[in-house]
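Sequence lines set the chain letters: A, B, ... in the order given, protein chains first and strands last, and positions in each chain run from 1.
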Protein chains: 2
Amino acid sequence: MTRAGLTTERLVRAGAELADEAGFDQVTLSALARRFDVKVASLYSHLKNSQDLRTGIALLALEELADRAADALAGRSGKDALTAFANVYRDYAREHPGRYAAARLRLDPETAAASAGVRHARMTRAILRGYDLTEPDQTHAVRMLGSVFHGYVSLELSGGFSHSEPDSEETWSRVLDALDALLRNWPAR
Amino acid sequence: MTRAGLTTERLVRAGAELADEAGFDQVTLSALARRFDVKVASLYSHLKNSQDLRTGIALLALEELADRAADALAGRSGKDALTAFANVYRDYAREHPGRYAAARLRLDPETAAASAGVRHARMTRAILRGYDLTEPDQTHAVRMLGSVFHGYVSLELSGGFSHSEPDSEETWSRVLDALDALLRNWPAR
DNA sequence: TGCGATCCCCTAAATGCTTTAGGCAAATGC
DNA sequence: GCATTTGCCTAAAGCATTTAGGGGATCGCA
């Protein structure tokens, strides 16, 4: 009996592919075992349980997203940076809907603190350096940007904006214009 | 053997309570049967399958949300209406996290078209009558509001804003100020 | 090269959720 | 009071999760 060469890394990566292809809720150890032509119990040498797999996919997605965002932000500032950052988010979600769903998984606090989610928050704050905001408004703005990006992508992905005029592409562009205008003119308390 | 008095209505309602108490992903026919002290197979006389239950909970949540929103909007306009509407959304999600999660379920197009989601969209548009927006900007704004509300509530619920200053309450209030300012001053193309 | 230790994947089995098929008894209507 | 309908049942199959324990492959080291 030759070995299949399973590792946690390979399993998580394959799980991420499975999520993108079939949906995050279709990610099961059984499906994963089938993909490697291996018995389900064998996976338990590499994963604590099925939740462990899902968490792994979430962490992978957060890493990938943060890497892309860092690339996109390099050398940009102001509205340019805002747009590039937002597009990374949206494009990633559309290319990898399963991974994106995983990234929205609720992680326990210490796992979250050790995840690339932290890098993400720092980058969002970096974007705001191009605008004239001081604390606590900067934090309010960080939260609002997160909400808009996540909310938009999530609604778009679930089909909320399809089959209606104007198309989502245009709205997205106008929403970014609006956010830029808002940040340049953030209302005082 | 006396009958338990099951109906689709009662099952869906109990399913919604279960969702709020234990989380939407804990809503199973088995758990529901336990709650009614009945065998699982008996539920199939009232529900097509477990997806049918989940859809039912989603539709219930959309109805309740739309009812609350309609109440909140009565007699209000402008920023008042915006704030009341947004708070309905946020409060509902915090009171009924399971139902709220259900409301975010992807429904098939015809079910969605027949749902209270439609009323919701109409109400969002009604709020914008207090601002000076014409098509297609009105549609862009509707989508943006939906994104912010859903995104904020969703991030807040998953713990994104807890354990950090300033508290979420204040950010929420400032985000509504910001949206109001933005709508009063929507950037031209 | 040989050998012991470790690792990888296996079989087996328990538990739980979903779904279908078919049956009996309670409620309903005439 | 009887036939029909309805509501809940038993039974069984399928699939996912998880644990326990075993044997063969592989690796480190003498």
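Here the nucleotide nearest the side chain of Val38(B), chosen from dT18(D), dC9(D), dT11(C), is dC9(D). Side-chain atoms of His46(A) lie closest to dC9(C) of the nucleotides dC9(C), dT18(C), dA12(C). Among the nucleotides dT17(D), dA21(C), dT18(C), the one closest to any side-chain atom of Ala41(B) is dA21(C). Here the nucleotide nearest the side chain of Tyr44(A), chosen from dC9(D), dT11(C), dT18(D), is dT18(D).
The interatomic distance linking Lys39(A) (NZ) with dG21(D) (C1') rounds to 17 Å, in whole Å. Computed from coordinates, the Leu43(B) CG to dT10(D) P distance equals 13 Å when rounded to whole Å. Remark: C1' of dC8(C) and CG of Leu11(A) are 12 Å apart, rounded to the nearest angstrom. We find that CG of Asn49(B) is positioned 14 Å from P of dA21(C), with the value rounded to whole Å. The separation between Leu47(A) atom CG and dA16(D) atom P is 16 Å, rounded to whole Å. What separates CG of Asp25(B) from P of dT18(C) is a distance of 12 Å, to the nearest Å. Summarising the geometry, the separation between CG on Leu32(A) and P on dT18(D) is reported as 13 Å, rounded to the nearest angstrom. Between Arg54(A) atom CZ and dT18(D) atom C1' the separation is 13 Å, expressed in whole Å.
If you check every strand for non-hydrogen atoms under 4.0 Å, Ser45(A) touches a base. Across all strands shown, Leu6(B) has heavy atoms under 4.0 Å from sugar-phosphate atoms exclusively, and none from any base. Backbone-only contact: Thr28(A) has heavy atoms under 4.0 Å from sugar-phosphate atoms and none from a base.
OP1 or OP2 of dT18(D) sits under 4.0 Å from a side-chain N or O of Ser50(A). Proximity of Arg34(B) to the phosphate of dG16(C): no side-chain N or O atom is located under 4.0 Å from OP1 or OP2. A close approach under 4.0 Å does not occur between any side-chain nitrogen or oxygen of Ser42(A) and OP1 or OP2 of dC9(C).
Atom CD of Gln51(B) has more than 12 neighbouring heavy atoms from other residues, nucleotides or ligands inside a 6.0 Å radius.
Using a cutoff of 4.0 Å between basic side-chain nitrogens and carboxylate oxygens, Glu169(A) and Arg90(A) are scored as salt-bridged. Taking a cutoff of 4.0 Å between a charged side-chain nitrogen and a carboxylate oxygen, Arg125(B) and Glu135(B) qualify as a salt bridge.
Distance check: Asn185(B) CG to Leu182(A) CG gives 10.0 Å after rounding to the nearest 0.5 Å.
Across all their heavy atoms, Ala103(A) and Ala61(A) have their closest contact at CB-CB, 4.0 Å.
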